[in-house]
Number of protein chains: 2
Amino acid sequence: MDEQDLSPYCAPLTEAVELIGRRWTGSVLRAVMAGRTRFSAIAGAIPGISDRLLSQRLKELEALGAVERNVTPSTPVAIEYTLTPMGESLIPVLLEIERWAVKWLVPAVDARTRRLRSSS
Amino acid sequence: MDEQDLSPYCAPLTEAVELIGRRWTGSVLRAVMAGRTRFSAIAGAIPGISDRLLSQRLKELEALGAVERNVTPSTPVAIEYTLTPMGESLIPVLLEIERWAVKWLVPAVDARTRRLRSSS
């Protein structure tokens, strides 16, 4: 890629990266895309998230149009969250971030841990 | 992709997505990858960023190992920021997020604006 062709600022990129980078949002999307559709199943998949924050993130993703809330009028009422086409289109994006993380972040964290251990 | 094959939680993904999604970080990386290497050039490329926050984000990216600070001992001293191999490897990741944003976020924002205009 020719660096000269790239504009130095892109508002949609900034908006998108900060949107999916909001605390817990990436984890919520991953849990839903892995088939955890019930609130309790999503909550159970993400270590440390509170019900209040999960509820807030799901509402934000619903308002954005990435997640759909489906209510089945059974007894008790069954509520399921699924990805919309917009949400589905985030799957390759998140997997691309994940490949980068596994290649670059995991070794960096490992190296930091080794340095801390050897200096203590 | 088989959804059953995907684990519902991935710590490196969560870390990476929240790291590059931190306010301004995506914009700073984009400006540097587009060839804005001086502090003032990076600051000039990003609407609304303060010098203090740009300085903080550059330090974080340096500590992470994604950005390198190069000092040329000229008069005045020339300081340039460049991407390390780790930082370079973020380019396709950010471009993937950007493609998603242009396809899905821009139309969503446009539709919202039209709805607000027609209801006012």
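To find a chain, count down the sequence lines: A is the first, B the second, and so on, and within it residues start at 1.
Counting heavy-atom pairs closer than 4.5 Å to chain A, the top-ranked of the candidates Ala41(B), Gly44(B), Pro12(B), Ser89(B) is Ser89(B). Note: Cys10(B) leads Pro85(B), Cys10(B), Gly26(B) in heavy-atom pairs under 4.5 Å with chain A. Of the listed residues Ala11(B), Ala66(B), Ser27(B), the one with more heavy-atom pairs under 4.5 angstrom with chain A than any other is Ser27(B). Comparing Val106(B), Leu19(B), Ile20(B) by how many heavy-atom pairs each has under 4.5 Å with chain A, the most go to Ile20(B).
One finds a salt bridge joining Glu96(A) and Arg99(A) here, because a Lys/Arg side-chain nitrogen approaches an Asp/Glu carboxylate oxygen to under 4.0 Å. In this structure, Glu60(A) pairs ionically with Arg22(A), as a charged nitrogen and a carboxylate oxygen lie closer than 4.0 Å.
Nearest heavy atom pair, residue Ile42(A) against residue Thr37(A), reads CD1-O, 4.0 Å. Of all non-hydrogen atoms in Pro76(A) and Ser74(A), the two that sit nearest each other are O-OG, 2.9 Å. The two residues Met33(B) and Leu6(A) come nearest to each other via the heavy atoms CG-CD2, 3.5 Å.
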Task: Check against salt bridge (charged side-chain N to carboxylate O under 4.0 Å, His left out), Glu98(B) and Arg30(B) - done: CA-CA 10 Å; Glu98(B) 187 169 319; Arg30(B) 191 194 171 83; 2.2 Å; yes
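Taking 4.5 Å as the heavy-atom cut-off, the residues of residues 45-55 of chain B that approach chain A are Ala45(B), Ile46(B), Pro47(B), ordered by number.
To the nearest 0.5 Å, the span separating CE on Met86(A) from CH2 on Trp104(B) amounts to 7.0 Å.
A continuous path of hydrophobic side-chain contacts links Leu58(A) to Ile79(A) [ILVMFWY only; heavy atoms under 4.5 Å].
Looking at Arg36(A), only its side chain comes within 4.5 Å of chain B, counting heavy atoms on both sides.
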